[in-house]
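Remember, predicted model here, so these are calculated numbers, not experimental data. Quick note on labels: first sequence line is chain A, next is B, and so on, each numbered from 1.
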4 protein chains.
Amino acid sequence: MTSIKKIDKKEAILEAALNLFASKGYYTTSMSDVAKEAGVAKGSLYNYFFSKENLLEAILLSILDVSNDLEKELVQTQSPNEFLQQIIEGQFELVCSNRDHWRFMYALSLQPGVFEFSIELLQQRIKENMKEVVSQFEKKGSADPEIDARLFIGTLDGLLLQVITNLDDFPVENLKQGMINKYCK
Amino acid sequence: MTSIKKIDKKEAILEAALNLFASKGYYTTSMSDVAKEAGVAKGSLYNYFFSKENLLEAILLSILDVSNDLEKELVQTQSPNEFLQQIIEGQFELVCSNRDHWRFMYALSLQPGVFEFSIELLQQRIKENMKEVVSQFEKKGSADPEIDARLFIGTLDGLLLQVITNLDDFPVENLKQGMINKYCK
Amino acid sequence: MTSIKKIDKKEAILEAALNLFASKGYYTTSMSDVAKEAGVAKGSLYNYFFSKENLLEAILLSILDVSNDLEKELVQTQSPNEFLQQIIEGQFELVCSNRDHWRFMYALSLQPGVFEFSIELLQQRIKENMKEVVSQFEKKGSADPEIDARLFIGTLDGLLLQVITNLDDFPVENLKQGMINKYCK
Amino acid sequence: MTSIKKIDKKEAILEAALNLFASKGYYTTSMSDVAKEAGVAKGSLYNYFFSKENLLEAILLSILDVSNDLEKELVQTQSPNEFLQQIIEGQFELVCSNRDHWRFMYALSLQPGVFEFSIELLQQRIKENMKEVVSQFEKKGSADPEIDARLFIGTLDGLLLQVITNLDDFPVENLKQGMINKYCK
DNA sequence: TATGAATGAGTGTTCATTCAT
DNA sequence: GATGAATGAACACTCATTCAT
C-alpha cells in the first residue's frame, strides 16, 4: 500500500511537471510551480528526483517509453507498404493524442544546453526507426533505400510538426492519407 | 559618423546575441554574456533594446528579413516544377548557410512562453509560402492542391530539420535531389 | 535485552555523530549523515536526542566523562613534580589517543554560537584543574602559584594544540619530555 | 573617486563579515546578514566576492596581513632574549587588540571542511616563525633548539588561547611577564 | 551616449524536524 | 520503538534592469 502511494506521488509530480514544462516551458517553470501543481511541498520533489534536470530526464524517458510501447505493438510481418502505412498511422496517432507533450519533445531536441541528453535519446530512437524503414524500402526494391527512407521520415516529421504547431481545424486526416498515397502505394 | 557607429553597435549586439542564443540557448545566456560578447557595457544594451525579450524579437525579425529577401529574389515566372525546385534549393541553401541560427528559429517556434511572438511571425510567413505553393500545384493540375502543398512544405521542413540536427557527414545533396525528384517531376 | 539494545543504539548514534562531527564538522554533517553512519533511521535519532544540538551536548559530555575518569585515576599523593608530570603524561596520552575528537573539542570551545554550552563545560573543567595545579605549585613553594599554574596549563594546552594540528611525524615524545624537564624538576 | 568608494564598500563588507563571522560563527551567519550589516544589497556582495567562501578567504588574508606587518617591524638585531621577548610582547598585543578576530582565526584553524585553506596559511606562518625562533635558541646555545622553540611557541599559543577565551579580568600582563621570565632570561 | 556598480525578487536546493504507519 | 516520506523555512547565489556618474 505504501508503495502504491509512493508511486502515485511520483507519478503526480511527473505529470504536473510534464504539463507545466510543456505548456510554459522548462526554464519558465519553477520547482515551486511544479510542487504547487502536483500538490506537494517543494522539498518533497527532491525525495523523488535529485534535481530539476533529473526530473526532466525522467519525463523524457517516460514519454519515450510510451512511444516505444507503440512501436513494439507494430512490428509484425506485412508487405512493406502496409508496414510503412502502419508507421505513419501510429506516429500520427501518437502525436495527435498529446500535441503539447510532443511539441515539448521536439522543442527540447532542438535546444542547446541542458538537453543534450534528450537529443541523444531521440536520435537513437530515430536511428533505430531509420534502419527499419530502410529495410522496408529495400524490400520494395528501391534504387536508393537510404535516401528514400530519409525522405519518408523527413516527410513524416515535417507533417507531424505541422500537426503540432497548428490549430484544431487542421486537416490531419487528409494529410495523413496524402502521405500514405504518396509513399505507400 | 555617430549614426554609423550607432548602427554598428546595434548590429554588434544583435550578432553577439544571436550567436549566443543559438549556441547556448536563450535562457542560459545572460545579458552580461551578450554585453561581453558584443564588446559593450551591460547598461548599453538597454540603449538599443528595452529588454532581453525585445532583443530576441529584433533578432527574429532580422533573421526573417534575410529569409524574405531570398524569397523575393526567387519569385519569377517559370514552370511550376522549376519554381518548386527553386524553393527547395533556396531553403536548403538558407538553412545550410547557418544551421545554428535556423535550429534556433525552429526551436523558438516550438516553445511556449516568451516566444508566442515568433510563432506568429513564422506562421505568417509559412502561410504566405503556402499560398504560393498551392497556386503552383494548381498550375500543375493537382487533384488536391492544398494537401499537395502541405505535403510539399511538410517534407521540406522535415528534411531541413534533419539537416539542422545532424552532423556534418550528412548526405544533404542527395536528400535535396531526392525531394526534387519526388516532387518536381 | 531491550534496554541493552537501546543503550547500544544510543551509543552507536553518539559514536557515529562524534566521528562525523570531528571529521567533517558539525554544520557540514547532516542528521541524515549521522543516521546513515549509525545504521538507524533518521527519525530514530529523535527518540534518543531531541535535537541536533542536544546530540552535540551529549557528545561533549561523553568526551568530558572520559577525560574526568582519567583524572580521577590520577589523583594520588605524590611529590608535586611527580604529580605535574602525571598530568602532562595523562593529557598527552588522552589527546594522542584520538586527535580528531580533541581537535573537535578545542574547535568547539573557540566557536561562538550553538556552543556556549561547551565552553562553559570546558572552562569549568579547566578551573578545577587549575585549582589542583595551583595547589601543587604552592607545595613547591612557588612565588606566584597562580601565574605559574596558568603558565603550566597554557604550555600544556599549546603543546597539545601542536600535537592536534600536526602530522604524524611530529616529535611528540621529545616535546613531552621537554615540558617535563622545564616544569617538573 | 570612484575607486575610493569602491574600496570603501569592499572594506565595509569585509569588516561586516569579519565581525559577524567572529561573533556568530561562519555557518550561522548568512550572506543576508552580512549584506544588512554592511549596509548593501545582498546581490552587491557578489560584485566583490564570488562566494561566501571567497569572502572568508579574503578576511583571513587581511587578518594575516596585519599580523605580517607587525612581524616585519620586529625583525631587528638584538640579543636572542630581547628578540624572543619582542615576539611575546608583539603577539600579546596583536591578540589583545582584537580577541574576537583571533579567536575566529584559531577556531578556523581547528575546523575541518571549508577551512583547509586557512589552516595552510596559518601553518605556513607558524613554520616561518618557528625557523626564526629556532635560530634564536641556537644563538642562545640551547642543547635542543628545535624542541625549545616548539616549547616556546606552544607556550605562547597556549597563553594566547587563555587570553582569547577568558573574560576581561584576566591577568594578561602578569602572564606575559611570567612567560618572559621563564623563557627570556 | 556609455558605463558598470547596485539592486532585490526569484531560483534551485538543503535539512532539521515531525508524524502517520 | 522504528521508520522514512513529508514539510517549509532558510540558504547561497543569479540576473534583468536601473541610474548616478
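When all heavy atoms are compared, the tightest approach of A:Ile13 to A:Ala38 is CA-CB, 3.9 Å. Closest heavy-atom contact between A:Ile63 and A:Leu18: CD1-CD1, 4.0 Å. Nearest heavy atom pair, residue B:Ser51 against residue B:Tyr46, reads CA-CE2, 4.1 Å. Nearest heavy-atom pair, A:Arg103 versus A:Ala22, reported as atom, atom and distance to 0.1 Å: NH2-O, 3.5 Å. Contact between B:Glu37 and B:Ala16 at its shortest, heavy atoms only, is CG-CB, 3.4 Å.
For C:Asn47 and F:dG1, the shortest distance from a side-chain N or O to OP1 or OP2 is not below 4.0 Å.
Every residue two or more places apart in sequence or in another chain was checked for a side chain to side chain donor-acceptor pair (under 3.5 Å) with D:Ser44, and none qualifies.
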*Determine which bases of DNA chain E form Watson-Crick or G-U wobble pairs with both distances under 3.5 Å, and write the result as a 5' to 3' dot-bracket string with | for other-strand partners.*
.||||||||||||||||||||
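Of the residues in residues 38-45 of chain D, those placing a heavy atom less than 4.0 Å from an atom of DNA chain E are D:Val40, D:Ala41, D:Lys42, D:Gly43, D:Ser44, in numerical order.
The aromatic rings of D:Phe21 and D:Tyr26 sit perpendicular, their planes meeting at an angle over 60°, well past the 30° parallel limit.
For the pair D:Asn54 CG and F:dC13 C1', the interatomic distance rounds to 13 Å; values are reported in whole Å. At whole-Å resolution of the value, OH in A:Tyr48 and P in F:dG4 are 13 Å apart. Between the NZ atom of B:Lys10 and the P atom of E:dT1 there is a distance of 12 Å, given to the nearest Å. The separation between D:Tyr27 atom OH and F:dA12 atom P is 11 Å, rounded to whole Å. What separates NZ of A:Lys36 from P of F:dG8 is a distance of 13 Å, to the nearest Å. Taking atom OH of residue C:Tyr46 and atom P of nucleotide E:dA20, one finds them 17 Å apart after rounding to whole Å. The nearest whole Å value for the distance from the CG atom in C:Asp33 to the C1' atom in E:dC15 is 10 Å. Per the geometry, CE belonging to B:Met31 stands 10 Å off C1' belonging to F:dC15, to the nearest Å.
Residue-to-nucleotide proximity on DNA chain E shows that, of C:Lys52 and A:Ser30, the 5′-proximal contact is made by A:Ser30.
The CE atom of C:Met105 lies 12.0 Å from the CG atom of C:Asn98; values are rounded to the nearest 0.5 Å.
Each of C:Thr29, C:Asn19, C:Asp33 was scored for a side chain to side chain donor-acceptor pair (under 3.5 Å) with C:Lys24, with one residue passing: C:Asp33.
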